[in-house]
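Letters A, B, ... mirror the listed sequences (proteins, then strands); counts begin at 1.
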Number of protein chains: 2
Amino acid sequence: MKKADHTECLSAMLPVRDALDVISGKWKLMILISISSGNHRFREIERSIPKINSKVLAKELKDLEEHTLIKRTVYDESPVIVEYITTPYAASLGKVIKELRDWGVNHRKKIIGK
Amino acid sequence: MKKADHTECLSAMLPVRDALDVISGKWKLMILISISSGNHRFREIERSIPKINSKVLAKELKDLEEHTLIKRTVYDESPVIVEYITTPYAASLGKVIKELRDWGVNHRKKIIGK
DNA sequence: GTAAGCAGTTACCTAAAGGTAAGCAGTAAC
DNA sequence: GTTACTGCTTACCTTTAGGTAACTGCTTAC
């Protein structure tokens, strides 16, 4: 039983909270995964994620762009093409996503095993 | 540019979603961090987490217990003592929390640096 | 000329998460 | 005997996340 160090405890909690503020919610990581798996167009992303709708997708894409996790580029050919790509900064989330995925796989096993 | 593999993409997204279902939200990880930092009593945990309130804490503790991430023990001394401890299963979240924390620290630096 | 695809937007609604404030039963301290 | 601590619960309210459905302007395909 460790001694409760209030300062140390806070210094662990606050960054975790910061991270969750950016990535939690039902869709953000799924969108990042979809884009980095090769889906770059709005409708492509939409179709790749079950049950998402265009309003939510549009909003989440804006959020992700504000956090500089994705980049939106408009190619002014006719017809206009809009492309979403992940930024190098998004790659820094790779480990986070990997650990979440591994844990999720294991957790599902545990629950089904019951 | 990778080719979009729908199946592979889904098999990455769904476990991540499963994991987030368990740990996302404003308080769950903070509570786990608090308990594993040595806060084991209800009021102790409450005081260690800024801005949380007892209604929310009580509810989140129940959720965490249902997911077998913490264990609640009542010691029937007088006065009754209630103790919360993390389970070995919660330890499996260690890497997830570490990566979230590291990313959060870095993200904060990046934002302040702007 | 009508249908269908593109990248969204708009108005409206529901459900869930979270917050506020008060209170309760028990104990113990002053 | 009043105050304060424990571990909660209750009723009520607000805020936000997310969902539905329709519709826009533009383009190309049949």
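Under the 3.5 Å distance criterion, the side-chain polar atoms of B:Glu60 are left unmatched by any main-chain donor or acceptor of B:Val56. The main-chain N or O of A:Leu69 is found under 3.5 Å from a side-chain atom of A:Thr87 such that the two form a donor-acceptor pair. Using a distance-only test at 3.5 Å, with no hydrogens or angles considered, no donor-acceptor pair links the side chain of B:Glu46 to the main chain of B:Arg43. Not a single donor-acceptor pair under 3.5 Å links the side chain of B:Ser34 to the backbone N or O of B:Met30. Here the side chain of A:His40 pairs no donor or acceptor atom with the backbone of A:Ile85 at under 3.5 angstrom.
Separating the CD atom of A:Glu77 from the C1' atom of D:dC26 is a distance of 15 Å, rounded to the nearest angstrom. Atom CG of B:Asp63 and atom C1' of C:dA16 are 12 Å apart (whole Å). Following rounding to the nearest Å, B:Lys28 (NZ) and C:dA16 (P) show an atom-to-atom distance of 14 Å. Residue B:Ile70 contributes atom CD1, which lies 13 Å from atom P of D:dG7 at whole-angstrom precision. Separating the NZ atom of A:Lys51 from the P atom of D:dG19 is a distance of 10 Å, rounded to the nearest angstrom. Straight-line distance from the CG atom of B:Asp76 to the P atom of C:dG26: 13 Å, rounded to whole Å. Nucleotide D:dG18 holds its C1' atom 9 Å from the CD atom of A:Glu60, rounded to whole Å. Between the P atom of D:dG18 and the CD1 atom of A:Ile49 lies a distance of 13 Å, rounded to the nearest Å.
For A:Asp63, the salt bridge (Lys or Arg N to Asp or Glu O under 4.0 Å) partners at least two apart in sequence or on another chain are A:Lys28, A:Lys59.
Figure legend: A:Arg108 and A:Trp103 shown without cation-pi pairing, the cationic atom not lying both under 6.0 angstrom from the six-membered ring centre and within 45 degrees of its axis.
Pairing for C:dG8 is with D:dC23, a Watson-Crick or G-U wobble pair whose two hydrogen-bonding atom distances lie under 3.5 Å. With a cut-off of 3.5 Å on both pairing distances, the Watson-Crick or G-U wobble partner of D:dA29 is C:dT2.
The stretch residues 16-27 of chain A has no heavy atom under 4.0 angstrom from DNA chain C at all.
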Stepwise side-chain hydrogen bond (donor to acceptor under 3.5 Å, both in side chains) test for A:Tyr89 and B:His107: CA-CA 10 Å; A:Tyr89 189 48; B:His107 184 65; 2.6 Å; yes
Heavy-atom contacts, protein to nucleotides 1-9 of chain C, under 4.0 Å, summarised as B (base), S (sugar-phosphate only) or - (none) per nt, yield -----SBBB
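Ion pairing of A:Lys62 with A:Glu65 is absent here, as no side-chain N (NZ or NE/NH1/NH2) approaches a carboxylate O to less than 4.0 Å.
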